[in-house]
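Computed from a predicted model, the values in this text were never measured in an experiment. Proteins come first, then strands; the chains are lettered A, B, ... in the order of their sequence lines, and each starts at number 1. Just the heavy atoms: all of them, side chains too, but no hydrogens, waters or symmetry mates, feed the values below.
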Amino acid sequence: MDRYEKVIELAKRRGFLWNSFEIYGGTAGFYDYGPLGSTLKRRIEQIWRETYVIREGYMEIEAPTIGIEEVFIASGHVGGFSDPLCECKSCGEAFRADHLVDKIVACADGLGTKELDRVIKENSISCPECEGELGETYEFNLMFKTNVGPGSGRQGYMRPETAQGMFVDFLRLARFYRDKLPFGATQIGKSYRNEISPRQGVIRLREFTQAEAEIFIDPNNKKHPNFHRFADNVLNLYSEQAQERGTAEQMRLGEAVEKGIIAHEFLAYQIGLTNYFLQRIGIAADKLRFRQHKKDEMAHYAIDCWDAEIETERFAWVEVVGIADRTDYDLKAHAAVSKTELSIYKEYSEPRMVTRFVVKPNMGKLGPLFKGKAKDVAEALKALSQEDLEQDSITVMVDDEALTVPNDIVEFAEETVKISGENIIPHVIEPSYGIDRIFYSTMEHAFAEEKVAGKDDSEDESRIVMRLRKEVAPVQVAILPLLTREELIKPSRSIEASIRQKGLLVSYDDSGTIGRRYRRNDEIGTPYSVTIDYNTLEDNTVTIRDRDSMKQVRAPVEGIADLLYELIYMEKDFKSAGKAL
RNA sequence: GCGCUGAUGGUCUAGUGGCUAUGACUGAGGCCUUCCAAGCCUUAAACCCGGGUUCGAAUCCCGGUCGGCGCACCA
């Protein structure tokens, strides 16, 4: 069994991850999060919220998971998220039709399925594998289609990413943030992609959870006011040049910006923030690197893009976060499709005085004279120069017709106006997290098997322990009466209640020997166990046991909930928690 | 989607054309038990689905589903 199998086996057995629809035989690409998995995932999401929503101030929104066609036409998913496939009639192998003809025609990826079929037929292209005849080309789109409303209804799609919600709401968000850049919004939610062949557990799912931030910034100012927070962080950077050499390099983020390796400060800040988040939830620093997209793999509109990659035993480096400067591409695309201006008014630091030539047609006179053509005439007049307008009679061309306009009908002047700002289209910085992949990585990095001394002289035993960070552990405290006796159970239940009251995640377990229960809790990563024994009845103290060191301290029942809270959230030292045993 | 390969209680597993399908761990109940998977008793729980061959199929054949690997696809 490799580590992946061990982790998945444990995850299944202890209620972290289950195959979906198991009693019906299961379906590839879908997973259920069990009670502990669901809780662990929520803890990870909650820390993400603390990082992006609370700390950075990028407020969370919630847009529908079903989107209408226009949204994905603008985003490019309707056209670009599908591939033209054709299958061999004899061996059944599927091929990208555009790849088959790209040596024959110049712009193969721009052709439709019918054109591709024509090119294939005309050039009598056969199956590259078996020379067999190729079938008709069809579009395979990775988006799940659905209908909105009854009957044929309106075409809808399950969203393939959460990002579009923030773009579509741009104007509302801009107003919410009182029209000041930079601002950002986030969304944590499900996305859907009808993967051809989902594999590798939760690494590639058909329904998955994303956490994305879209941060709108001034294209002329990509500095970050708090960059100093991360400037001295040393990260594993696998830049484009480093990839040519084949080894990542350790570098300060500040240095990477100075040397132009990372495009700008704002992006570097986001890389620093991602690094902070991933380590905070328990990703091992030495199994984390940031890989830059090479020019040819990066989307054409992007300026720079870095993926956070986590090393796993079976899958090697897995991409878990993409951090990109997408420029104004998305806003421009939605502006074009929706015919809505998506820009923000930016005031200059000092107003500028601009002198310009202004033409003012007198519409009150133009109207009766030209009727329906008046508007076009006015537009034509505005395009004329001062010289043209000073003629005694002015001629304009409207719909290939020469019209003569009396010169008293139009006024013009050189005006000096004050311009105090302009409309700009912000650039978008997008950190995009795949939560399911991060969830698995967290489990794999926390997973440990270790030898512990057996009782008396017996052989060493192995212990499975999930060294989850205390903050993310799905059970934070286990309440364990030493023996299954009524007189111990009663005070145990009341201690349990007081700790629940404090808001900690508690489990109560009185079945089996104490050792067995400690091991059960080690396996799910419970950081602390509280054991109630007969001394508790005499002096009102309990034993607290630390998961990682297996050490124990004795602490009073009075204030136990506060003490545990400090141990879990305030990094209180375990040794100072009570009298060592 | 193609090729190879596998599928037995919750988990891991034995098994083979033929009595009531093996074992361990786990789970539940109990006895015992004052701190790291101890012991004893009781108990629950499985042959992926559909078709075929056969007197008889968990076992052989075909198809499907799911998992793993490779290809293709994908971020």
Side-chain angles (χ1 to χ4, degrees), chain A residues 1-2 4-6 8-15 18-30 34 81-88 90-96 99 127-130 135 138 140 142 160-161 191 193-201 203-206 208 210 291 293 297-299 305 307 309 314 317-322 324 432 434 437 452-456 458 461-465 480-485 488 511-523 529-538 542-547 550-552 554 581:
Chain A
M1 266 214 221
D2 68 4
Y4 170 79
E5 272 180 280
K6 286 176 181 171
I8 290 297
E9 186 271 318
L10 184 147
K12 197 190 280 184
R13 192 160 43 80
R14 300 308 305 270
W18 296 321
N19 285 307
S20 294
F21 317 119
E22 231 179 349
I23 63 166
Y24 292 105
T27 300
F30 298 95
F81 210 56
S82 66
D83 296 313
L85 294 183
C86 74
E87 287 172 19
C88 172
S90 54
C91 75
E93 187 73 64
F95 302 95
R96 284 279 297 271
H99 289 182
C127 171
E129 289 291 315
C130 74
Y138 61 93
F140 184 82
L142 255 31
E161 59 174 25
S191 294
R193 294 180 191 179
N194 201 0
E195 295 286 351
I196 296 171
S197 123
R199 291 266 180 91
Q200 307 173 322
I203 303 294
R204 186 178 305 159
L205 294 168
R206 288 186 165 130
F208 57 103
Q210 284 189 309
R291 189 181 70 81
H293 278 209
E297 71 179 301
M298 194 157 60
C305 182
D307 287 342
E309 297 184 328
R314 182 183 284 199
W317 292 95
V318 176
E319 176 204 337
V320 298
V321 187
S432 171
R437 291 178 172 190
V452 292
K455 219 175 182 181
D456 303 326
S458 58
E461 299 165 340
S462 75
R463 160 173 104 121
I464 292 175
V465 53
L480 314 171
L482 186 61
L483 302 170
T484 319
R485 295 273 171 75
L488 294 182
S511 114
T513 60
I514 189 68
R516 183 191 299 270
R517 283 176 277 157
Y518 284 151
R519 293 298 162 80
R520 270 207 282 254
N521 278 291
D522 288 342
E523 206 176 50
S529 298
V530 171
T531 306
I532 291 85
D533 59 16
Y534 281 97
N535 292 337
T536 308
L537 304 181
E538 283 165 23
V542 290
T543 301
I544 306 175
R545 181 240 192 206
D546 175 57
R547 174 194 71 200
M550 298 169 66
K551 294 228 163 67
Q552 300 182 321
R554 198 79 192 172
L581 289 179

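- One interatomic measurement links the two molecules: CD1 of A:Ile514 to C1' of B:C35, which rounds to 6 Å at whole-angstrom precision.
- Judged purely by atom type and a 3.5 angstrom limit, A:Asp533 uses its side chain to pair as donor or acceptor with the backbone of A:Asn535.
- Nucleotide B:C66 is matched to B:G6 when pairs are restricted to Watson-Crick or G-U wobble geometry with both distances under 3.5 angstrom.
- Where A:Leu581 and A:Arg516 each meet RNA chain B at their nearest nucleotide, the meeting point lying more 5' is that of A:Arg516.
- A heavy-atom distance below 4.5 Å is found between the side chains of A:Leu537 and A:Leu488.
- For A:Leu10 and B:A37, the CG to P distance is 18 Å, given to the nearest whole Å.
- Remark: the separation of the P atoms in B:A24 and B:U43 is 14 Å, to the nearest Å.
- Side-chain atoms of A:Asp533 lie closest to B:C35 of the nucleotides B:C74, B:A75, B:C35.
- Atom name C1', nucleotides B:G18 and B:G10: the rounded distance is 31 Å, in whole Å.
- Partners of A:Phe208 by ring-ring contact (aromatic ring centres under 6.0 Å, His included), not counting sequence neighbours: none found.
- Searching all strands for a Watson-Crick or G-U wobble partner of B:G17 with both distances below 3.5 Å returns nothing.
- Side chain of A:Arg437 to main chain of A:Ile203: a donor-acceptor pair is present (N/O by atom type, distance under 3.5 Å, no hydrogens or angles).
- Computed from coordinates, the A:Glu5 CD to B:G6 P distance equals 16 Å when rounded to whole Å.
- Where A:Arg13 and A:Tyr518 each meet RNA chain B at their nearest nucleotide, the meeting point lying more 5' is that of A:Arg13.
- Summarising the base pairing, B:C31 is matched to B:G39 through a Watson-Crick or G-U wobble pair whose two defining distances lie under 3.5 Å.
- At the heavy-atom level, A:Glu9 lies under 4.0 Å from the strands shown only through sugar-phosphate atoms.
- Distance CZ (A:Arg554) to P (B:U34): 15 Å, rounded to an integer number of Å.
- Pairing of B:U53, defined by two Watson-Crick or G-U wobble distances under 3.5 Å, is not identified with any nucleotide.
- In this structure, the CD1 atom of A:Ile23 is 18 Å from the C1' atom of B:A7, given to the nearest Å.
- Whole-Å rounding puts the A:Lys12 NZ to B:C12 C1' distance at 11 Å.
- One atom, CG of A:Asp546, and another, C1' of B:C36, lie 13 Å apart when rounded to the nearest Å.
- With P as the reference atom, B:G64 and B:C2 are 8 Å apart, rounded to whole Å.
- Each of A:Arg516, A:Arg463, A:Arg517, A:Arg547 was evaluated against A:Asp522; a single residue qualifies, A:Arg463, per the salt bridge (charged side-chain N to carboxylate O under 4.0 Å, His left out) test.
- Nearest heavy-atom pair, A:Arg206 versus A:Phe30, reported as atom, atom and distance to 0.1 Å: CB-CZ, 3.8 Å.
- Under a 3.5 Å cut-off, the side chain of A:Arg204 and the backbone N or O of A:Pro198 do not form any donor-acceptor pair.
- As the counterpart of B:C71, B:G1 is assigned, both hydrogen-bonding distances of the Watson-Crick or G-U wobble pattern falling under 3.5 Å.
- Using C1' as the reference atom, B:U20 and B:G15 are 16 Å apart when rounded to the nearest Å.
- Taking the P atom of each, B:C55 and B:G67 are spaced 38 Å apart, rounded to whole Å.
- Contact detail for A:Leu205 and A:Gly201: the closest heavy-atom pair is CD2-O, 3.7 Å.
- Comparing the same atom, P, in B:A44 and in B:C48 gives a spacing of 22 Å after rounding to whole Å.
- For the OP1/OP2 pair of B:U33 and a distance below 4.0 Å, the side-chain nitrogens and oxygens of A:Arg485 include at least one atom meeting the criterion.
- Rounded to a whole angstrom, the distance from the P atom of B:C47 to that of B:A21 is 11 Å.
- Between the C1' atom of B:C35 and the CZ atom of A:Arg517 lies a distance of 10 Å, rounded to the nearest Å.
- Below the 3.5 angstrom threshold, one finds no donor paired with an acceptor across the side chain of A:Glu195 and the base of B:C74.
- As judged by a 4.0 angstrom heavy-atom cut-off over every strand, A:Thr484 is placed among the base-contacting residues.
- Classification of A:Glu319 and A:Arg291 as a salt-bridged pair fails, no side-chain N sitting under 4.0 Å from a carboxylate O.
- Residue A:Thr513 has no polar side-chain atom (N or O) positioned under 4.0 Å from OP1 or OP2 of B:C35.
- At the heavy-atom level, A:Arg545 lies under 4.0 Å from base atoms of the strands shown.
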Could you list, one pair per line, each protein nitrogen or oxygen that sits under 3.5 Å from a nitrogen or oxygen of nucleotides 61-70 of chain B, together with the distance?
from: B:U65; atom 1: O2'; to: A:Gly25; atom 2: O; distance (Å): 3.1
from: B:C66; atom 1: OP1; to: A:Ala28; atom 2: N; distance (Å): 3.3
from: B:C66; atom 1: O4'; to: A:Gly25; atom 2: O; distance (Å): 3.2
from: B:G68; atom 1: O3'; to: A:Arg314; atom 2: NH1; distance (Å): 3.0
from: B:C69; atom 1: N4; to: A:Arg199; atom 2: NH2; distance (Å): 3.0
from: B:G70; atom 1: O6; to: A:Arg199; atom 2: NH2; distance (Å): 2.6

